[in-house]
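To start, the structure itself, in structure tokens.
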Amino acid sequence: MFRNGESNPGRDVVIAMVSLALSPLRIVTLCCVLVCLTSIVLLYTLYHPLHSSTLQLAETDTPPEETADHVYPSSRTNITLKENINGMHVLSKVKGLSKLEPAYIPRDDITTAVYMLYSDISSPLYDLFTLHKRATKYCDVDTTVEGCDIRLPRSYTYGELSLKMLDSLDIMCRAPHKTDYYVKIDDDLIMSESMLDKIIRKMATTDCQVTGSIALDYAFYWPEGQIYIFTRSILETACKNMPYIADVYPNEDITFGLLLNSTDPGMFCSNGWPRNHWHKHYSDRRVEINYK
């Protein structure tokens with residue numbers, strides 16, 4: 001024990017250290033350092049967002065290990081829109097579906113799911129056409145025209161159709177039941193339901209996994225036009241790749257090709273458009289149909 005007035009070296013050292021640590025100058029300096037570090041972290045996060053570049057998936061690449069959670073449409077906030085390009089034809093032409101030799105016995109139990117991206121510019125008289133009535137219609141959250149089957153979590157401009165397509169595919173990916181074939185149609189497609197069924201039956205006898213009007217002008221095949229058909233395995237590929245796509249094109253069909261990222265001509269086949277469908281206009285001796 002130390003008496004009053006006697007010096008305690010240990011206590012004096014502690015008091016001196018506390019006084020030094022709590023001096024106004026030290027406190028100001030420490031605050032400045034903390035503010036600078038916080039600013040650096042915020043600036044890095046701002047200019048280097050998560051998934052800031054497109055992950056290039058090679059045809060034989062395996063995507064990173066998936067988690068139990070899916071990427072839901074509402075979380076798709078870091079995707080940027082790329083410009084469409086009009087490049088040269090860089091890929092080989094694919095074979096026509098009608099010229100493919102059957103490799104399998106025709107099936108009678110084929111299941112299909114027809115879908116379209118629907119909005120207020122679509123005609124409310126969709127049920128005039130049995131094919132349109134058969135389609136599942138994916139709508140903006142604020143679509144007012146009748147006929148919507150599924151409302152997506154937001155509204156989309158015409159330049160954001162790729163985002164609408166991704167949100168629609170996300171719902172298909174999470175559906176508990178899958179079908180053999182998926183058919184994407186535009187809301188101004190003119191085609192008979194019997195013709196579609198005939199094409200699918202033919203496709204089911206071949207190894208073709210995507211049929212439509214197949215474009216060759218990007219570094220991957222993509223199905224253009226008012227209708228294309230793809231298999232369940234193609235949907236599964238798109239579902240696996242979708243969480244890793246950060247940059248998309250305004251054209252939703254090009255973005256669909258980007259999801260598949262394939263240059264395998266055996267995976268795709270053309271279907272002789274437009275001999276079996278029409279876009280916006282159709283006429284014969286008895287009927288004339290025109291879309292604006």
Side-chain angles (χ1 to χ4, degrees), residues 41 44-85 113 115-118 136-141 149-184 209-210 212 215 218-224 228-264 267-268:
V41 172
Y44 182 85
T45 303
L46 178 64
Y47 289 101
H48 297 272
L50 183 65
H51 305 308
S52 59
S53 61
T54 302
L55 175 63
Q56 296 297 326
L57 292 175
E59 295 173 52
T60 58
D61 284 350
T62 301
E65 191 70 24
E66 291 187 275
T67 63
D69 296 328
H70 292 271
V71 176
Y72 291 94
S74 58
S75 67
R76 194 171 287 111
T77 57
N78 291 323
I79 289 181
T80 57
L81 291 174
K82 304 175 71 170
E83 292 185 3
N84 291 332
I85 61 173
Y115 69 95
M116 68 166 65
L117 305 183
Y118 209 58
T136 299
K137 298 161 191 66
Y138 290 84
C139 301
D140 296 10
V141 67
D149 296 301
I150 296 177
R151 290 190 181 274
L152 299 171
R154 52 164 290 191
S155 298
Y156 308 84
T157 65
Y158 186 77
E160 295 176 328
L161 283 179
S162 282
L163 302 182
K164 187 172 183 178
M165 181 270 294
L166 290 174
D167 288 350
S168 301
L169 282 180
D170 185 81
I171 293 175
M172 298 180 207
C173 293
R174 293 185 282 115
H177 302 291
K178 303 294 190 296
T179 63
D180 295 320
Y181 291 92
Y182 293 83
V183 185
K184 179 262 183 183
Q209 299 182 59
V210 182
Y218 280 70
F220 46 81
Y221 288 111
W222 61 279
E224 62 179 346
Y228 52 84
I229 307 165
F230 55 93
T231 63
R232 181 190 307 183
S233 63
I234 291 296
L235 175 66
E236 292 171 351
T237 298
C239 296
K240 290 179 181 179
N241 290 346
M242 190 161 51
Y244 314 110
I245 295 295
D247 304 313
V248 300
Y249 296 93
N251 185 308
E252 74 276 18
D253 299 333
I254 299 177
T255 297
F256 184 81
L258 177 65
L259 278 174
L260 306 182
N261 194 34
S262 175
T263 56
D264 178 8
M267 181 186 296
F268 298 81

Show the nearest heavy-atom pair for residues Ala219 and Thr263, with the distance to one decimal.
O-CG2, 3.3 Å
At what distance, to the nearest 0.5 angstrom, does OG of Ser162 lie from CG of Asn251?
6.5 Å
Only counting residues at least two apart or in another chain, list the ones meeting side-chain hydrogen bond (donor to acceptor under 3.5 Å, both in side chains) with Glu252.
none
The ring pair (Phe, Tyr, Trp, His ring centres under 6.0 Å) partners of Phe230 (sequence neighbours excluded) come to Tyr182, Phe256
OH on Tyr118 to CG on Asp149, rounded to 0.5 Å:
9.5 Å
When rounded to the nearest 0.5 angstrom, what is the spacing between OG1 in Thr255 and CG in Leu169?
10.5 Å
Under the criterion side-chain contact (heavy atoms from CB on, under 4.5 Å), I'd like the reasoning laid out for Arg154 against Leu163: C-alpha separation, chi angles, the key distance, then a yes or no.
CA-CA 10 Å; Arg154 52 164 290 191; Leu163 302 182; 3.7 Å; yes
Quick one: pull up CG in Leu259 and CG in Leu166 and give me the separation to the nearest 0.5 Å.
6.0 Å
By side-chain hydrogen bond (donor to acceptor under 3.5 Å, both in side chains) - contacts of Ser233 (at least two apart):
Gln209, Thr231
side-chain contact (heavy atoms from CB on, under 4.5 Å), that's the test. Do Met165 and Tyr156 meet it? Break it down for me.
CA-CA 10 Å; Met165 181 270 294; Tyr156 308 84; over 6 Å; no
Under the salt bridge (Lys or Arg N to Asp or Glu O under 4.0 Å) test, which residues partner Arg232, sequence neighbours left out?
Asp180
Which of these passes side chain to side chain contact (heavy atoms under 4.5 Å, CB included) with Leu152: Leu117, Ile171, Val141?
Ile171
Is Lys164 reaching over with its side chain to a backbone N or O of Thr157, donor-acceptor style, under 3.5 angstrom?
no
Nearest 0.5 Å, please: how far is CG in Leu258 from OH in Tyr249?
6.0 Å
Non-neighbouring partners of Thr237 that pass side chain to side chain contact (heavy atoms under 4.5 Å, CB included), sequence neighbours left out
Asn241, Leu260
Measure the shortest side-chain to side-chain distance between Thr179 and Tyr181 over non-hydrogen atoms and say whether it is less than 4.5 angstrom.
no
Run the side-chain hydrogen bond (donor to acceptor under 3.5 Å, both in side chains) test against Asp253 and tell me which residues pass, sequence neighbours left out.
Lys184, Tyr228
Can you name the nearest heavy-atom pair linking Phe220 to Ile254, along with the distance?
CE1-O, 3.5 Å
NZ of Lys240 to SG of Cys173: how many Å apart, nearest 0.5 Å?
11.0 Å
